[in-house]
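Let me begin by presenting the structure, written as structure tokens, before commenting on it.
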2 protein chains.
Amino acid sequence: MASTERQQNNRKVENQQEIIHAAAICFMRHGLEKTTIDDIARELNATKGRVYHYFRSKNDIFFAIHRQAMRFCFDAVQPILKQNIPADEALMRMATAHGHVMMDTLPYQRSIRLGVDIYLRGSTTEAEREVLMELIALRNEYEGLYRAVMRQGQSEGTLSVPDEALAGRALMGALNGLVDWYRVRPDQTQAERSRIAQTLASTIINGLRPKPTPAARS
Amino acid sequence: MASTERQQNNRKVENQQEIIHAAAICFMRHGLEKTTIDDIARELNATKGRVYHYFRSKNDIFFAIHRQAMRFCFDAVQPILKQNIPADEALMRMATAHGHVMMDTLPYQRSIRLGVDIYLRGSTTEAEREVLMELIALRNEYEGLYRAVMRQGQSEGTLSVPDEALAGRALMGALNGLVDWYRVRPDQTQAERSRIAQTLASTIINGLRPKPTPAARS
DNA sequence: ATGTAGGCATACTACTGAGTATGATGTTTT
DNA sequence: AAAACATCATACTCAGTAGTATGCCTACAT
């Protein structure tokens with residue numbers, strides 16, 4: 001029956017997600033190479049058999065994590081793009097949202113740091129290279145969203161961005177750096193997270209605002 | 001003879017540095033785990049025997065790279081601290097210098113990204129944990145230099161830094177992000193590098209300057 | 001010239017960990 | 001109910017790699 005088939009599919013996807021999540025946690029803790037499939041299985045209270053039933057290889061798991069991580073980012077930022085607000089405000093909201101995503105989906109985001117470039121050189125099969133290129137393209141597209149808003153702010157006059165590529169790198173660097181030092185603490189309130197995200201975002205974006213008295217210099 | 005002994009010591013240190021450098025290049029390309037000792041030896045046009053003659057283990061090599069990377073950073077920044085200049089200017093020079101170090105010593109800096117935390121959990125022996133703690137302390141000390149200058153700027157009035165810990169993270173994140181995307185190109189001029197370092201540094205630090213008209217708001 | 005020690009290559013060992021083969025158990029289909 | 005299938009556990013294989021054992025060779029000391 002069709003509904004049964006769909007239920008089975010749901011179940012399958014859920015199990016895959018569960019494995020991905022466990023893997024992300026392991027990768028966050030010990031890095032990609034040092035975590036074994038057995039580690040992931042242990043995190044699931046299961047054995048290798050279960051993992052290999054849903055994924056062909058460790059690389060496939062990493063790719064799935066990466067895709068998921070990018071989806072988290074897009075989902076957080078895209079609604080803001082549809083709002084009709086000044087570019088500086090949009091950029092501020094996007095950056096804040098990105099910071100939140102970094103903290104909320106820490107295992108995923110941390111797992112993929114530096115992973116792509118390293119994997120790219122090492123991966124043997126043609127299929128893997130293709131997937132990697134696709135993931136890199138996704139990331140470029142994502143960063144492109146920020147650069148587009150910066151360009152818009154430049155033409156609007158709400159932002160002053162002489163080099164939007166570099167400004168984008170700076171913004172991403174400051175926010176992505178979260179995965180290096182941020183640690184989830186159970187007693188931490190949502191307000192505290194918001195403060196972190198907003199402070200990081202505004203620190204960069206304040207540096208991109210037009211000088212209030214440009215004619216007064218020298 | 002003493003002079004001979006010193007020469008031998010020099011030679012030994014040089015050989016160690018050569019191995020460290022080759023290892024850093026390999027680590028940059030393929031990551032820590034994926035590079036084998038044989039890879040490092042091949043980069044040296046040598047064999048494992050040479051590597052193990054100077055280092056007890058792969059971890060020891062990583063530790064040496066890390067120490068060297070931190071030394072590069074300290075050496076670039078400490079002279080600036082001795083100059084008698086306003087804190088905002090000092091911070092700007094320090095950040096720019098840090099950016100230069102990231103580009104100039106890319107293999108070292110890239111090798112140690114995320115490496116420490118991952119190694120910390122995994123390392124078994126007590127001695128290794130001690131070395132790692134020492135390296136983490138070094139890094140904290142280094143970042144402390146920036147925070148100290150920020151505090152000074154705050155009291156001087158040349159900077160406005162409500163949360164110097166977060167501001168420090170933002171600054172380090174934006175600059176350290178260089179190792180993720182910067183690639184050495186032979187045709188690239190020194191001027192181009194300077195532009196990158198200065199743009200990144202000023203983007204952050206401009207966001208930390210006091211508002212010119214704080215009384216005029218709303 | 002000859003002993004001696006550092007500098008390294010070669011040839012191992014021992015182990016880890018990715019991926020596979022197989023089968024046991026439950027669940028859905030007919 | 002029994003056939004077919006999905007979901008896993010168990011028990012392997014085998015390749016790759018960190019680290020070691022050994023010995024040659026060269027340079028320096030005496």
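Values reported hereafter were calculated over all heavy atoms of this structure, with side chains retained and with hydrogens, waters and symmetry mates removed. A note on names: the letters A, B, ... follow the listed sequences, proteins ahead of strands, and every chain is numbered from 1.
Set against C:dA18, D:dA18, C:dG7, the side chain of A:Thr36 has C:dA18 as its closest nucleotide.
Applying the salt bridge (charged side-chain N to carboxylate O under 4.0 Å, His left out) test to every pair with at least one member in residues 190-204 of chain A, sequence neighbours left out, gives these pairs: A:Asp104-A:Arg193, A:Glu192-A:Arg195, A:Arg195-B:Asp163. For residues 70-85 of chain A, there are no salt bridge (charged side-chain N to carboxylate O under 4.0 Å, His left out) pairs, not counting sequence neighbours. Applying the salt bridge (charged side-chain N to carboxylate O under 4.0 Å, His left out) test to every pair with at least one member in residues 51-70 of chain B, sequence neighbours left out, gives these pairs: B:Arg67-B:Glu134.
The stretch residues 45-53 of chain B comes close to DNA chain C through B:Ala46, B:Thr47, B:Gly49, B:Arg50, B:His53, each having a heavy atom under 4.0 Å from the strand.
The distance from atom NZ of A:Lys12 to atom P of D:dT7 is 7 Å, rounded to the nearest whole Å. Atom CG in A:Asp60 sits roughly 14 Å away from atom P in C:dA18 (whole-Å rounding). Taking atom NZ of residue A:Lys58 and atom P of nucleotide D:dG16, one finds them 16 Å apart after rounding to whole Å. B:Asp38 has its CG atom 16 Å from the P atom of C:dC8, to the nearest Å. The distance between atom NE2 of A:His30 and atom P of C:dG17, rounded to the nearest whole Å, is 11 Å. Rounding to whole angstrom units, CD1 of residue A:Ile40 and P of D:dC8 are separated by 16 Å. Note: CG (B:Asp39) to C1' (D:dT17) measures 10 Å, nearest angstrom. The distance between atom OH of B:Tyr54 and atom P of D:dA18, rounded to the nearest whole Å, is 20 Å.
The shortest distance between the side-chain N/O atoms of A:Asn15 and the OP1/OP2 oxygens of D:dC8 is below 4.0 Å.
Every residue two or more places apart in sequence or in another chain that forms a salt bridge (charged side-chain N to carboxylate O under 4.0 Å, His left out) with B:Glu18 is listed here: B:Arg50. Annotation: side-chain hydrogen bond (donor to acceptor under 3.5 Å, both in side chains) contacts of A:Ser194 (sequence neighbours excluded): A:His100.
Ring planes of B:Tyr108 and B:His21: tilted class, angle from 30 to 60°.
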